[in-house]
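Inspection log for the structure reproduced underneath, given as structure tokens.
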Amino acid sequence: MTAGLRVCQVTRLHDPDEETNSTFNVAAADSVSTPGTDSSILFDDATVEPLDISSNGESYIMVVGGAGYIGSHTTLELMKEGFNVVVVDDLSNAYRDVLDRVEFLAAEHRIAIGETVPTLKFHEADYKSPVMRSILDLYALKGAELGTQGAAVSRIRGVIHFAAFKAVEDSINNPIPYYQNNVCGMVNFLALLQEFGIMNFVFSSSATVYGSRANQGHPLREEHCVHEHETFVDDDGVEKQAEPGVFGLTSPYGRTKWMCEAILADVAKSDPRWTITALRYFNPVGCHESGLLGEDPRQKPTNLVPVVLRVLTGANPVLNIFGTDWDTPDGTAIRDFIHVVDLARGHIAALDAAAKGRVRHAFRAYNLGTGTGHTVREVVESIEKASQRTIPVAEVGRRPGDVGFCVAGVNRAEKELGWKTVKTMQDCSTDVWNFTASPSSLSKNFPSRTR
């Protein structure tokens, strides 16, 4: 391969009988700092057989929803680690050129360290569509490739699922699509994966599964929402029993995430060949430090930081702060804001733990957060500092489904996955402002987007 040039084949499938191929070129320019992913430090007790997700040969990790905000950053981190990646995305809330940028940054990083650039394949499809069977069949081992193995075997060694609808307020106003896509879609997809022998599944869950327990004002532990009886030691050193169930879910979106976790726990319990990890996100923010990759949805943004940026760029006249009467230092809600690159690396840590057989259970949930909370006002001040601009705000009432305090307990992920965050709130603000207002000199390699 010529240094500085990477050609990646992109396959776009519309139905099982129609396939068109195209290629895109990614040319490396001046170096951009793209930090490597730290290796995981895993604990020793293994009760699950190791899974092979080696990046050698023709194996892949499938990322469903891989063109979206978290999915694209995770795809990049996977490729930086040497994994071949298959992205499936219907582009309903993302843009195709995001993957060009992922490919560029991955190629630059791999070439800089003298390593082979892994393959990125893209299929434009809804993960609920019947076309998924055709896509998975492309990666199934057949005939002589199977050797003496009788069971289905795939080159896809693990799947990360990001393809859920995720707006809390929208789920309250329009719940049926959330149940159709998030719950029914996942169940059918899981059955299809099992049919193809793909048994390593990482699920994008959410801190919303903790419901109104978040309002109790202390960090949330995984034991606060379990699907089997668990014995644990609390923060005061007292042994306690966690009962399966749910506590005051506040939105249909949160209910879909809890339902999916419960289903996944049942599936894993029924068949020990599965390794299923649920990663409970808190509040992802930030973007890749190059300024080439960030949060840029097609649909109206609802997360705090992209809404703030729309005010800064003039798209919105004012930032609405929902609720200033919470029991917090400045009256605004407290959230655990995690940099999206740290979050992406959490997925690699989860895959690594599963691959090495270092996971204690067939189903296991982990919080992905920093363990530190910031109020909405503090986040606004942080972005004002990064941008050197003032953000006009309006104080309005609380939104349906909101909670006042939501901060992660992070001990389980640190101990069992060897993962923890490294980036600060100010890193998040600096990176998103860089993405928004100071396009990298490399952006000339990517033509302006047609919206």
Side-chain angles (χ1 to χ4, degrees), residues 7-21 23 48-66 74-75 78-79 81-89 99 106 115-163 186-203 264 267-268 270-277 347-348 350-357 359 362:
V7 179
C8 177
Q9 185 175 31
V10 180
T11 305
R12 179 175 179 174
L13 292 187
H14 297 277
D15 60 57
D17 300 316
E18 179 184 354
E19 179 176 327
T20 60
N21 294 321
T23 60
V48 178
E49 286 298 314
L51 295 166
D52 177 14
I53 58 167
S54 168
S55 55
N56 297 324
E58 296 246 2
S59 63
Y60 297 85
I61 302 298
M62 175 175 278
V63 183
V64 182
T74 301
T75 297
L78 285 166
M79 293 184 70
E81 287 296 300
F83 291 102
N84 299 316
V85 180
V86 176
V87 167
V88 175
D89 200 299
L99 297 178
E115 296 288 349
T116 302
V117 181
T119 299
L120 173 61
K121 295 191 176 184
F122 172 56
H123 304 282
E124 184 178 344
D126 184 332
Y127 92 113
K128 303 186 299 297
S129 168
V131 78
M132 285 303 301
R133 178 177 295 278
S134 297
I135 293 172
L136 291 174
D137 192 57
L138 292 173
Y139 302 94
L141 296 183
K142 300 173 184 177
E145 295 176 309
L146 280 171
T148 59
Q149 302 180 69
V153 180
S154 177
R155 292 188 177 89
I156 296 170
R157 303 304 173 87
V159 172
I160 305 176
H161 173 36
F162 292 111
M186 190 206 70
V187 170
N188 292 333
F189 184 46
L190 208 65
L192 190 61
L193 294 179
Q194 182 170 267
E195 182 179 331
F196 280 87
I198 304 168
M199 311 290 281
N200 185 12
F201 191 76
V202 178
F203 176 65
L264 291 169
V267 169
S270 71
D271 187 341
R273 293 176 301 166
W274 281 101
T275 298
I276 299 176
T277 308
H347 294 78
I348 295 174
L351 286 169
D352 191 30
K356 294 179 178 177
V359 179

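Note that the numbering runs from 1 along the sequence shown for the chain. Note that the structure is a prediction, hence the values are computed from the model and not measured.
Residues meeting the side-chain hydrogen bond (donor to acceptor under 3.5 Å, both in side chains) test with Glu115, sequence neighbours left out: none. Residues meeting the side-chain hydrogen bond (donor to acceptor under 3.5 Å, both in side chains) test with His161, sequence neighbours left out: none. For Phe189, the ring-ring contact (aromatic ring centres under 6.0 Å, His included) criterion is met by Tyr127, not counting sequence neighbours. Residues satisfying the side-chain hydrogen bond (donor to acceptor under 3.5 Å, both in side chains) criterion with Asp137, sequence neighbours excluded, are Lys142.
Minimum interatomic distance between Leu264 and Ile276 (heavy atoms only, all atoms of both residues): O-CD1, 3.6 Å. Closest approach of Met132 and Asp126 over heavy atoms only: CG-O, 3.8 Å. When every heavy atom of Ala140 is checked against every heavy atom of Arg155, the shortest pair comes out as O-NH1, 4.0 Å. Across every non-hydrogen atom of Thr275 and Ala354, the tightest pair is CG2-CB, 3.5 Å. Across all non-hydrogen atoms, the minimal contact from Ile160 to His347 is CG2-CD2, 3.7 Å. Pairing each heavy atom of Ala125 with each of Val131, the nearest pair is CB-CG1, 3.5 Å.
Residues Glu81 and Asp352 form no side-chain contact, since every pair of their non-hydrogen atoms from C-beta on lies 4.5 Å or further apart.
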Going through the distances and angles, do Val63 and Asp89 end up as a side-chain contact (heavy atoms from CB on, under 4.5 Å)? CA-CA 8 Å; Val63 183; Asp89 200 299; over 6 Å; no
Output, in order, the C-alpha distance, side-chain angles, deciding distance and verdict of side-chain contact (heavy atoms from CB on, under 4.5 Å) for Val86 and Leu138. CA-CA 11 Å; Val86 176; Leu138 292 173; over 6 Å; no
Begin from the C-alpha positions of Asn188 and Lys128 and carry the test side-chain contact (heavy atoms from CB on, under 4.5 Å) through to its verdict. CA-CA 7 Å; Asn188 292 333; Lys128 303 186 299 297; over 6 Å; no
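To the nearest 0.5 Å, atoms CG (Leu190) and CE (Met199) are separated by 8.5 Å. Here the CD1 atom belonging to Ile198 is positioned 7.5 Å from the CG atom belonging to Leu192, to the nearest 0.5 angstrom. Interatomic distance, CZ of Arg133 versus CD of Glu195, reported as 4.0 Å (0.5 Å rounding). Atoms CD1 and CG, from Ile156 and Leu141 in turn, are 10.5 Å apart once rounded to the nearest 0.5 Å. Of the inter-residue distances, the one linking Tyr139 atom OH with Glu58 atom CD reads 10.0 Å to the nearest 0.5 angstrom. Within the model, atoms OG1 of Thr74 and CZ of Phe162 stand 3.5 Å from one another, a figure rounded to the nearest 0.5 Å.
Side-chain atoms of Asn84 come within 3.5 Å of backbone N or O of Ser59 as a donor-acceptor pair.
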